[in-house]
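Report on the structure given below.
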Amino acid sequence: MLDPAVGPEAAIRQSTPKAVGVVWTLLIINTLGSTGAKTVIPLPRSVSQLITMGALGAAFVIALALNSKLRIRPSAYLFLLSLLLVLSVVSSLNLEGGFGALFRCFRFGLFLSTLWLLTRWWGSLDLVRTHIRAYGVVLVTVVIGLALSPGNALPFEYGGRLTGTLWPLTPPQVGQYAAIVIGLTTLLWLGGKLDRRNALFVIVPAFGILLLTHTRTAMLGLVAGTVVALMSQWMSSARARKVFTGLVFGGLIVVVALGGLLQAWFLRGQSEENFSSLTGRAKVWDALLDAPRTTLEYLFGVGLTDKSYDGLPIDNSWLAVYHEQGFVGMAIVAAFLLVLVVVAVLRPPSPARACAIFLITYCLSASYTEAGLGDASPYLLHLALAASLLVRAPAEEPDFFKETVGGAEGVPGRWPDA
């Protein structure tokens, strides 16, 4: 039994094996993808795919060994994702997208099964620290690649934006990882879970990386997520109020003093027409929406694809889900996002809640210009982390089979977590 004198988070930490962090890191490796910029050492796509899929397989095996009795917590988020998986399999059976669609469903299923197995240890900030460390290591590889080969790391075909050259990473990926690291680290510091020196050691270089990627989506997501998270702590944290006020006044000063530089950073040398069409995304979206579809395709989509249409990336989570899983898939995605938002609003203020709100807000804002809410991706992993943070941590060693609606003998019932 755990020491009853310790708090809920510390109680779960005592019972959380370190291997859980290994599994989470392997899931992050799986979602890194296998395409991007030219690497310093040539890395065939087949090799990178083998590494990412191997990481997912290893994550599932380790998680199953850790949770061999299959004790899981109820999770509305994962339940709705499971419905989305079933829908994806059904829509992919017509093989319109080839056997690759069924393989993507298999990957999605393995990804989701691993998350279910990890629910036994949800409820503490340990996964947040693992999230930051893992993506921090990814950002370190980006910096090493920049030092080894600046020409490859800032390629002309990407407009001089920072890419990953040890592992093939595009500028939007690097920007996303940097923004997530900055936001979560800031909120841990605000919650007193990290000292200022270590926080700055992480935040300052990560922000420099974000600036070098020129990724507007990541920057706006970081700002929106941080502002909403700070507002959620307005009444309970004097530090949060001070930081929020400082960000507002500091932002106004920066806009007035460096307005020209900010405009140049956001435009990235693009023409007004290119900027207004979101770097050509709007043309792909119009073509996708204008394409003829059958009633079944409207309802259930065409099955999982590589998130492209007519050879061009869709770069919009909602349109990607509409294309692959139809209106039913869009309803499921909207439902699990709504569940996360409602549960986050109902939870009392805490560092865990603030981190969850940041992740939810970031993913919502990024969904307009990035795909990833309908398949195994970093965005679903970010949201899984948010769901884990919204779990009510038990005050003693948990019996997860009893923590269901209605409870069990001697255990008060409660509603499932997000």
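A quick note: this is a predicted structure, and the numbers were derived from the prediction, not measured. In this chain, residues are counted from 1 in sequence order.
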Within the distance-only criterion (no hydrogens, no angle test), does the side chain of T130 pair as donor or acceptor with the backbone N or O of D126 below 3.5 angstrom? yes
Any donor-acceptor N/O pair, S317 side chain to G372 backbone, under 3.5 Å: yes
Keeping T185 on the side-chain end and I182 on the backbone end, is there a donor-acceptor pair under 3.5 Å? no
Cation-pi check for F99 against R104: NZ or CZ below 6.0 Å from the six-membered ring centre and within 45 degrees of the axis, yes or no? no
Looking at every heavy atom in both N152 and T39, which two are closest together, and how far apart are they? ND2-O, 4.4 Å
Between N67 and L117 (side chain of the first, backbone of the second, donor and acceptor by atom type, cut-off under 3.5 Å), is there such a pair? yes
The single option from L81, L115, L27 that satisfies side-chain contact (heavy atoms from CB on, under 4.5 Å) with L380 is L81
What one should report as the nearest heavy-atom pair of H131 and L184 is CD2-CD1, 3.9 Å
Determine yes or no for a side-chain-to-main-chain donor-acceptor pair under 3.5 angstrom, with R347 supplying the side chain and R353 the backbone. no
Please examine the side chains of I209 and L212, heavy atoms only from C-beta on, and report whether any two atoms are closer than 4.5 Å. no
Using a 4.5 Å cut-off on heavy atoms from C-beta on, say whether the side chain of R107 contacts that of M53. yes
How are the rings of F111 and F108 set relative to one another: parallel (under 30°), tilted (30 to 60°) or perpendicular (over 60°)? tilted
I'd like to know if D315 pairs up with K307 as an ion pair, taking the criterion as any Lys NZ or Arg NE/NH1/NH2 lying under 4.0 Å from an Asp or Glu carboxylate oxygen. no
Give a yes or no on this: more than 12 heavy atoms of other residues, nucleotides or ligands lie within 6.0 Å of atom CD1 of I41. no
Between D286 and K283, is there a side-chain N and carboxylate O pair less than 4.0 Å apart? no
For Y158, does the OH atom have more than 12 heavy-atom neighbours from other residues, nucleotides or ligands under 6.0 Å away? yes
What closest approach, in Å, do W189 and L194 show between heavy atoms, and which atom pair accounts for it? CD1-O, 3.3 Å
Compute the centroid of each ring, for W285 and then for Y368, and state whether the two points are separated by less than 6.0 Å. yes
Is a side-chain donor or acceptor of E324 paired with a backbone partner of G303 at a separation under 3.5 angstrom? no
Hey, does the side chain of S92 reach the backbone of L304 with a donor-acceptor pair shorter than 3.5 angstrom? yes
Report the relative orientation of the aromatic rings in Y309 and H323; use parallel for angles under 30°, tilted for 30 to 60°, perpendicular for over 60°. perpendicular
Is a donor from one side chain sitting under 3.5 angstrom from an acceptor on the other, for W122 and S75? no
State, with a plain yes or no, whether a side-chain heavy atom of V174 is found less than 4.5 Å away from one of T163. no
If only atom types and distance count, is the side chain of S68 paired as donor or acceptor with the main-chain N or O of L64 below 3.5 Å? no
Indicate yes or no for a side-chain donor-acceptor contact from S308 to the backbone of G311 under 3.5 Å, with no hydrogens or angles considered. no
Value for CD1 (I357) from OG (S350), rounded to nearest 0.5 Å, stands at 8.5 Å
So which atom in F358 and which in T226 form the shortest heavy-atom distance, rounded to 0.1 Å? CD1-N, 3.5 Å
Verify side-chain hydrogen bond (donor to acceptor under 3.5 Å, both in side chains) between S82 and W116, making sure each step is shown before the conclusion. CA-CA 10 Å; S82 299; W116 272 115; 3.1 Å; yes
If you measure only the distance, is there a donor-acceptor pair under 3.5 Å linking the side chains of T217 and E370? no
Given side-chain hydrogen bond (donor to acceptor under 3.5 Å, both in side chains), test Q49 with T52 step by step and report yes or no. CA-CA 5 Å; Q49 287 178 326; T52 55; over 6 Å; no
Between OH on residue Y177 and OG1 on residue T141, distance to nearest 0.5 Å: 10.0 Å
Return yes if a side-chain donor-acceptor contact under 3.5 Å exists between S88 and Q325, otherwise no. yes
Nearest 0.5 Å, what's the CG-CG distance between L337 and L383? 6.0 Å
Ring-plane angle category for Y298 and Y322, please: parallel below 30°, perpendicular beyond 60°, tilted otherwise. tilted
Considering all heavy atoms of both residues, which atom of A356 and which atom of L390 are nearest to each other, and what is their separation? CB-CD2, 3.8 Å
Flag, side chain of T31 to backbone of S377, donor-acceptor distance under 3.5 Å: no
Rounded at 0.5 Å granularity, tell me how far CG in L118 sits from CD1 in I62. 10.5 Å
Would you tell me whether W318 and S367 have side-chain atoms, one donor and one acceptor, within less than 3.5 Å of each other? yes
Separation between CG (L139) and CD1 (I132), nearest 0.5 Å, reads 11.5 Å
Side-chain contact, heavy-atom cut-off 4.5 Å: T361 with V227? no
Do Q176 and H382 have a side chain donor and acceptor closer than 3.5 Å? yes
Test side-chain contact (heavy atoms from CB on, under 4.5 Å) on Y362 and I180; report intermediate values, then the result. CA-CA 8 Å; Y362 182 92; I180 292 296; 3.9 Å; yes
CD1-CG distance between I314 and L319, expressed to the nearest 0.5 angstrom: 7.0 Å
So which atom in S232 and which in A229 form the shortest heavy-atom distance, rounded to 0.1 Å? OG-O, 2.5 Å
